[in-house]
Visitor: 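Before I ask anything, here is the structure I am working with.
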Amino acid sequence: MSDPEFPAAAGTINMVRRPPGGVELLYSAAEVGARVGALATEIADSLGPDILIVAILKGGFVFTADLLRALHHHGVHPRIDFLTLSSYGAGTESSGQVTITRDITDDVRGAKILLIDDILESGHTLAFARELLRERGAETVRLCVLLDKPEKRKTEINADYVGFAIGDAFVVGYGLDYAHYYRELPYIGIIATD
Ligand code: IMP
Ligand code: MG
């Protein structure tokens, strides 16, 4: 199968969409796990046991699954729903235009919501999702992201709970994709450009 983005890599399944510079390790699976555990403590202490988790897909599914189980150890007993949003094409720059691909089904009225995404970059995605949940009658909407790129913000928004603040790099793994691939990596890597 030929791949116009990585012509040299075409040929085998394993090589498809492997970026020319490869993937460099940023945070190991153990480092991510430790940070997720610490976030769970912080969240349980400040939000209490009765929350509705809204996870943004696709990117937020791995982080949410681990955080959810870490929260269980602190007695948090949440409802959970999923909101699929799209703001990216297959490239690496945010379009600014957020659309709902698949909506949640739970009633959010009066709920204390923990809104989870993999990464906060321009802020368009989380600003859109928070507004949507507020309009529908949520009592509070707290934001939780595994990664934050504060330098890349284009709208005024900050997360209440942040795993790691990083610089301007394109990261993959632990749910995050590059052109729809790499979500399965158990660690967080940087796409090397050289
Ligand atoms: P924002 O709307 O610009 O804040 O971007 C948030 C969304 O963009 C996230 O839900 C991710 O899916 C995606 N995104 C932003 N930065 C990265 C990255 O470095 N790697 C992979 N996806 C990213
Ligand atoms: Mg994405």
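Counting starts at 1 for both ligands and their atoms, in listed order.
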Visitor: Which atoms of ligand 1 are found less than 4.0 Å from any heavy atom of D118?
Guide: 9 (C), 10 (O), 11 (C), 12 (O)
Visitor: Have a look at I119, I157, D168 and point out the one with the heavy atom closest to atom 6 (C) of ligand 1.
Guide: I119
Visitor: In ligand 1, which numbered atoms sit nearer than 4.0 Å to a non-hydrogen atom of T125?
Guide: 1 (P), 2 (O), 5 (O), 6 (C), 7 (C)
Visitor: Within a 6.0 Å radius of atom CZ on R102, are there more than 12 heavy atoms belonging to other residues, nucleotides or ligands?
Guide: no
Visitor: If you count the non-hydrogen atoms of other residues, nucleotides and ligands that lie under 6.0 Å from CG in D50, is the total more than 12?
Guide: no
Visitor: Which ligand 1 atoms does D117 reach within 4.0 Å, using its non-hydrogen atoms?
Guide: 9 (C), 10 (O)
Visitor: Yes or no: does A169 have any heavy atom under 4.0 Å from an atom of ligand 1?
Guide: yes
Visitor: Taking the non-hydrogen atoms of K58, is any one of them nearer than 4.0 angstrom to ligand 1?
Guide: no
Visitor: Could you point out which residue of L52, I51, I113, L71 forms a side-chain contact (heavy atoms from CB on, under 4.5 Å) with P78?
Guide: I51
Visitor: Donor-acceptor pairs under 3.5 angstrom involving side-chain atoms of residues 33-44: please list them, not counting sequence neighbours.
Guide:
{"residue": "R35", "atom": "NE", "partner": "G163", "partner atom": "O", "Å": "2.6"}
{"residue": "R35", "atom": "NH2", "partner": "V162", "partner atom": "O", "Å": "3.0"}
{"residue": "T41", "atom": "OG1", "partner": "G37", "partner atom": "O", "Å": "3.1"}
{"residue": "T41", "atom": "OG1", "partner": "H74", "partner atom": "NE2", "Å": "3.3"}

Visitor: Would I56 count as a contact residue for ligand 1, given that I'm defining contact as a non-hydrogen atom of the residue lying under 4.0 Å from a ligand atom?
Guide: no
Visitor: Evaluate F170 for polar contact with ligand 1, using N/O atom pairs at a separation under 3.5 Å.
Guide: no
Visitor: Less than 4.0 Å between a side-chain N and a carboxylate O, is that true for K58 and D117?
Guide: no
Visitor: Please confirm whether Y27 and F164 have ring centers closer than 6.0 angstrom.
Guide: yes
Visitor: Measure K152 to ligand 1 on non-hydrogen atoms and call it side chain, backbone, both or neither using the 4.0 Å cut-off.
Guide: neither
Visitor: Does any N or O of ligand 1 fall below 3.5 Å from an N or O anywhere on G123, backbone included?
Guide: yes
Visitor: Give the atom numbers and elements of ligand 1 that come within less than 4.0 Å of a heavy atom of S122.
Guide: 1 (P), 2 (O), 3 (O), 4 (O)
Visitor: Counting heavy atoms only, which of R153, E121, H124, R183 comes nearest to atom 5 (O) of ligand 1?
Guide: E121
Visitor: Are the charged groups of E121 and K149 less than 4.0 angstrom apart, N to O?
Guide: yes
Visitor: Counting heavy atoms only, which part of L176 comes closer than 4.0 Å to ligand 1: side chain, backbone, both or neither?
Guide: side chain
Visitor: Which of these, L67, L47, V145, sits in a side-chain contact (heavy atoms from CB on, under 4.5 Å) with Y161?
Guide: L47
Visitor: Mind checking side chain to side chain donor-acceptor pair (under 3.5 Å) for T99 and listing every partner two or more places apart, or none if nothing turns up?
Guide: none
